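A quick note: this is a predicted structure, and the numbers were derived from the prediction, not measured.
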Amino acid sequence: MHGTIDLDQNLQQDARKRADAIPLEQFDPGNPDLFRSDTFWPYFDRLRREDPVHYCKDSMFGPYWSVTKYNDIMDIETNHAVFSSAATLGGITIRDIPSDLRRESFIAMDQPRHSAQRKTVAPMFTPTHLDQLAINIRQRSAECLDNLPKNDVFDWVDQVSIELTTQMLAVLFDFPWEDRRKLTRWSDIATTLPGPDGLVPTEEARQVELMECATYFARLWNERVQQPPKSDLLSMMAHSDATRDMDPKNFLGNLILLIVGGNDTTRNTLSGSLYALSKNPGQYRKLRDNPALIDSFVPEVIRWQTPLAHMRRTALEDVEFRGKQIRKGDKVVMWYVSGNRDEEVIDRPYEFIIDRARPRTHLSFGFGIHRCVGIRLAELQLKIIWEEILKRFDNIEVVGEPRRVYSSFVKGYETLPVRIAG
């Protein structure tokens with residue numbers, strides 16, 4: 001591992017030199033190549049210092065503003081009168097989808113409709129329901145971990161992170177168990193950037209798979225409508241006034257939101273948690289010696305990983321923000337990944353400290369009305385899985401660098417090679 005870490009440090013030093021040398025007006029922090037190589041950090045460090053509200057006039061995603069400091073992000077996030085999430089204006093990601101392919105979901109929707117649709121799925125995440133889910137999560141985590149190979153290198157992302165979060169998603173939707181990996185695929189397709197080396201070559205191919213998702217779920221939906229209300233997400237939506245008459249685009253929009261939210265973020269934090277501990281062996285020892293620290297370890301991992309790097313808004317009017325003139329229709333990107341490293345708000349933000357005094361000071365779940373509805377479930381999953389890991393394994397060794405997702409939206413891992421001693 002040491003060779004890899006040295007290589008990693010050289011990469012970061014080179015990235016820092018580059019970021020310091022490029023003129024600010026040429027900065028394009030949303031370039032997915034920077035995220036795939038994990039070399040975006042020095043760009044955001046410099047923006048927070050020198051140009052915290054930065055305009056990029058030319059990128060593969062068109063022109064956009066970057067908001068990089070914690071408190072500035074909070075101000076944009078809570079100013080719904082000026083900064084819109086609406087899918088019709090471009091939604092919540094830096095990438096613009098052609099207007100005829102935009103799909104509303106409650107996260108990509110303004111008030112008052114946003115709250116009505118969000119409330120429909122909120123009962124899934126009440127304390128009583130989470131207590132029931134906890135039993136299920138523990139049982140499945142134990143089974144998954146007990147079946148991992150010993151003394152062999154295997155991919156943690158596929159065998160643990162994807163498997164456990166996909167199982168959870170199948171439970172939440174009451175989705176046919178044998179088809180559960182379709183959910184993983186649709187989640188990846190929903191957020192992927194089409195291209196020759198991508199999961200799909202073109203936007204058309206991406207849309208074909210998303211329509212397969214819509215068709216599959218429409219069949220399940222029709223079954224739920226005929227049945228008495230149950231406690232799965234589809235049944236909740238099928239029997240609620242706010243969501244039972246959604247048009248097909250809104251239906252698929254909400255499905256994708258729940259699939260990505262319920263799977264991608266937890267999946268990447270679960271991979272990130274092991275990677276963070278491997279980079280910080282002193283913290284790993286601390287956790288093994290005192291498993292009660294899981295309670296602060298989990299939110300610290302969520303901050304350190306920041307599974308979604310940004311959210312985007314669109315300006316509804318001309319506005320001056322921190323001395324910059326943002327025009328009506330401009331794309332404004334809130335970089336959570338940068339806010340979570342803001343030295344003015346978070347003490348020693350680059351350090352991974354599992355017993356931080358205030359580990360929940362982070363932006364990974366957003367803030368305000370669009371704050372992630374499944375926060376408690378995500379934290380619960382990570383907590384239980386790590387309780388079960390610590391009961392079983394003294395050490396899980398990361399034996400190589402991860403391969404990262406080509407995306408400046410999903411900050412995730414495609415593979416992470418690990419070994420468990422027998």
Side-chain angles (χ1 to χ4, degrees), residues 12-13 15-16 18-20 22 24 27-31 34-35 38-56 64-79 82-83 92-94 265 268-269 272-273 275-276 279-280 283 296-313 319-324 326 331-368 370-372 375 378-379 408-412:
Q12 293 302 341
Q13 281 165 353
R16 192 160 297 285
R18 259 199 319 278
D20 287 342
I22 296 173
L24 280 170
F27 265 38
D28 174 16
N31 179 346
L34 296 175
F35 283 80
D38 197 40
T39 53
F40 57 86
W41 303 101
Y43 294 85
F44 287 117
D45 292 346
R46 191 168 161 208
L47 287 177
R48 284 195 306 279
R49 272 195 321 272
E50 297 176 33
D51 195 16
V53 180
H54 170 270
Y55 190 65
C56 170
Y64 64 94
W65 290 93
S66 286
V67 183
T68 52
K69 289 180 79 71
Y70 192 102
N71 290 322
D72 292 351
I73 291 169
M74 294 281 251
D75 286 349
I76 301 276
E77 188 93 74
T78 49
N79 187 350
V82 176
F83 299 103
I92 56 163
T93 70
I94 190 170
T265 48
N268 290 315
T269 311
S273 63
Y275 184 61
K279 290 280 189 201
N280 298 274
Q283 299 295 311
S296 54
F297 159 73
V298 165
E300 172 67 350
V301 166
I302 293 166
R303 177 196 75 85
W304 186 88
Q305 176 58 33
T306 316
L308 290 178
H310 75 261
M311 283 283 166
R312 168 260 182 103
R313 299 289 182 260
V319 60
E320 184 177 317
F321 185 77
R322 304 292 181 267
K324 299 290 178 93
I326 296 176
K331 190 187 312 193
V332 180
V333 178
M334 305 177 287
W335 290 105
Y336 293 163
V337 73
S338 174
N340 281 344
R341 295 291 191 277
D342 187 344
E343 302 82 351
E344 285 180 20
V345 177
I346 296 160
D347 182 41
R348 295 181 293 163
Y350 274 97
E351 291 178 43
F352 180 67
I353 304 169
I354 67 168
D355 49 2
R356 269 188 192 277
R358 291 176 22 251
R360 282 191 166 72
T361 302
H362 67 73
L363 294 164
S364 299
F365 289 126
F367 187 75
H370 288 295
R371 194 164 189 218
C372 170
I375 291 174
E379 292 190 339
S408 48
F409 180 60
V410 171
K411 187 170 162 290

Exercise. Going by atom types alone, do S364 and N340 pair a side-chain donor with an acceptor below 3.5 Å?
Worked result: yes
For this session: Give a yes or no on whether the backbone of I94 and the side-chain of K331 come within a donor-acceptor separation of less than 3.5 Å.
Result: yes
Exercise. So R313 and I92, side chain to side chain contact (heavy atoms under 4.5 Å, CB included) or not? Walk me through it.
Worked result: CA-CA 6 Å; R313 299 289 182 260; I92 56 163; 4.0 Å; yes
Exercise. Does NZ or CZ of R341 come closer than 6.0 Å to the centre of the six-membered ring of F44, within 45° of the ring's axis?
Worked result: no
Seminar exercise, completed: Sequence neighbours excluded, the answer for side-chain hydrogen bond (donor to acceptor under 3.5 Å, both in side chains) partners of R46 is E50
Exercise. For N268 and Y275, does a side-chain donor sit closer than 3.5 Å to a side-chain acceptor?
Worked result: no
For this session: Quick one: list whatever passes salt bridge (Lys or Arg N to Asp or Glu O under 4.0 Å) with E300, sequence neighbours left out.
Result: R303, R356
For this session: Say whether, by atom type as modelled, one donor and one acceptor occur between the side chain of E344 and the main chain of Y70 under 3.5 angstrom.
Result: no
Exercise. Angle class for the F321/F83 ring planes (parallel below 30°, perpendicular above 60°, tilted otherwise)?
Worked result: perpendicular
Problem set entry | Set of side-chain contact (heavy atoms from CB on, under 4.5 Å) partners for T78, sequence neighbours left out | F367
Exercise. Just checking, is any N or O donor in the side chain of W335 or S66 under 3.5 Å from an acceptor N or O on the other one?
Worked result: yes
Exercise. Step by step, would you call F409 with H310 a ring-ring contact (aromatic ring centres under 6.0 Å, His included)?
Worked result: CA-CA 6 Å; F409 180 60; H310 75 261; 5.1 Å; yes
Problem set entry | Set of residues satisfying side-chain contact (heavy atoms from CB on, under 4.5 Å) with respect to R358, sequence neighbours excluded | T361
Problem set entry | Residues that E320 engages under salt bridge (Lys or Arg N to Asp or Glu O under 4.0 Å), provided they are two or more places apart | none
Exercise. Do N280 side-chain atoms and A276 backbone N/O form a donor-acceptor pair below 3.5 Å?
Worked result: yes
For this session: With sequence neighbours excluded, tell me which residues meet salt bridge (Lys or Arg N to Asp or Glu O under 4.0 Å) with D45.
Result: R16, R48
For this session: Determine yes or no for a side-chain-to-main-chain donor-acceptor pair under 3.5 angstrom, with D342 supplying the side chain and K69 the backbone.
Result: no
Exercise. Do Y55 side-chain atoms and K324 backbone N/O form a donor-acceptor pair below 3.5 Å?
Worked result: no
Exercise. Would a distance-only check, ignoring hydrogens and angles, find a side-chain to backbone donor-acceptor pair under 3.5 Å from Q12 to D38?
Worked result: yes
Exercise. Is a side-chain N or O of K411 found less than 3.5 angstrom from the main chain of L308, in a donor-acceptor match?
Worked result: no
Exercise. Would R348 and E343 pass as an ion pair if we require N to O under 4.0 Å?
Worked result: no
